[in-house]
Amino acid sequence: MSESIVKTKSFELAIRGVNFYKWMVSEKKEFIMSKQFLRSITSVGANVREAVNAQSKPDFIHKLSIAQKECDESMYWLEILKETDYVSTIEFESLHQQCNEVLKIIRSIIITSKKNL
């Protein structure tokens, strides 16, 4: 996977996450967990961007590792929102799947980068 794919997909994920947050606040009146979700989902792309501009290969891997953790945390908050009935299974599945796709790409890049160290 190329860095541009993960950069694009993580940006799209952040945009979708921001819109999801706005919906949660306006329609569901949920402010705490959705704010945690917003912080983690936007951090994925921010850390991918930092990785693209890393000073070294280890720095690149480190930044992507942070993006990986933030993506997994985003999935956690989505799961909590689903299990507490703030979002339906249908609302949950698409966004969770998109997070999982980005997570897999990031993990793949990390594994390949570690092999090439």
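Computed from a predicted structure; not experimentally measured.
Side-chain contact between Thr112 and Ile109 is absent, with no heavy atoms from C-beta onward closer than 4.5 Å. Taking the side chain as every heavy atom from C-beta outward, Val25 and Glu30 never approach each other to under 4.5 Å. For the pair Leu13/Ser74, no side-chain contact is recorded, criterion being any heavy-atom separation below 4.5 Å from C-beta on. Between Val44 and Gln68, every side-chain heavy-atom pair lies at or beyond the 4.5 Å cut-off. The shortest distance between side-chain heavy atoms of Asn19 and Arg16 does not fall below 4.5 Å. In this structure, Glu70 and Ile66 have side chains that are in contact, with non-hydrogen atoms separated by less than 4.5 Å.
Tyr21 and Leu95 sit in two unconnected hydrophobic clusters of ILVMFWY residues. Membership requires side-chain heavy atoms under 4.5 Å apart, directly or through other members. Cluster annotation: Leu38 and Val102 are assigned to distinct hydrophobic clusters (Ile/Leu/Val/Met/Phe/Trp/Tyr, side-chain heavy-atom contacts under 4.5 Å, transitive). Linking ILVMFWY residues whenever their side-chain heavy atoms come closer than 4.5 Å, directly or via other members, leaves Ile15 and Val18 in distinct clusters. A continuous path of ILVMFWY side-chain contacts below 4.5 Å connects Met33 to Trp23, so both sit in one hydrophobic cluster.
A 6.0 Å sphere centred on CZ of Phe11 holds no more than 12 heavy atoms belonging to other residues, nucleotides or ligands. Residue Lys69 qualifies as open at atom NZ: its count of foreign heavy atoms under 6.0 Å is 12 or below. Heavy atoms of other residues, nucleotides or ligands lying less than 6.0 angstrom from NZ of Lys104 number 12 at most. Within a 6.0 Å radius of CG in Leu117, more than 12 heavy atoms belonging to other residues, nucleotides or ligands are found.
In this structure, Phe20 has its ring center under 6.0 Å from that of Phe37.
Taking CG of Leu64 as the reference point, atom CD1 of Ile111 lies at 11.5 Å (rounded to 0.5 Å). Between Glu79 atom CD and Cys99 atom SG the span is 9.5 Å, to the nearest 0.5 Å. Distance check: Ser10 OG to Ile41 CD1 gives 9.5 Å after rounding to the nearest 0.5 Å. Considering CD1 of Ile110 and CZ of Phe60, their distance stands at 8.5 Å, rounded to 0.5 Å. Of the inter-residue distances, the one linking Ser34 atom OG with Trp77 atom CH2 reads 10.0 Å to the nearest 0.5 angstrom. Distance check: Asp59 CG to Asn53 CG gives 10.0 Å after rounding to the nearest 0.5 Å.
Judged by distance alone, the side chain of Glu73 and the main-chain N or O of Met75 form no donor-acceptor pair under 3.5 Å. Panel note: side chain Glu93, backbone Ile90; no donor-acceptor pair is recorded below 3.5 Å.
A cation-pi contact, defined as under 6.0 Å to the ring centre and within 45° of the axis, is absent between Lys28 and Tyr86.
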List the steps and the verdict of side chain to side chain contact (heavy atoms under 4.5 Å, CB included) for Glu12 and Gln98. CA-CA 9 Å; Glu12 291 168 352; Gln98 189 175 359; 4.2 Å; yes
Under the side chain to side chain contact (heavy atoms under 4.5 Å, CB included) rule, what do Lys82 and Leu78 come out as? Steps first, then yes or no, please. CA-CA 6 Å; Lys82 178 183 159 280; Leu78 276 175; over 6 Å; no
Trace of the side chain to side chain contact (heavy atoms under 4.5 Å, CB included) decision for Asn100 with Leu103: CA-CA 5 Å; Asn100 196 39; Leu103 184 61; 4.2 Å; yes
Decide side chain to side chain donor-acceptor pair (under 3.5 Å) for Gln97 and Ser94; before the verdict, give the C-alpha distance in whole Å, the side-chain angles of both, and the deciding distance to 0.1 Å. CA-CA 5 Å; Gln97 182 179 355; Ser94 176; 5.8 Å; no
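Closest non-hydrogen pair, Val48 versus Lys7, comes out as CG1-CA, 3.8 Å.
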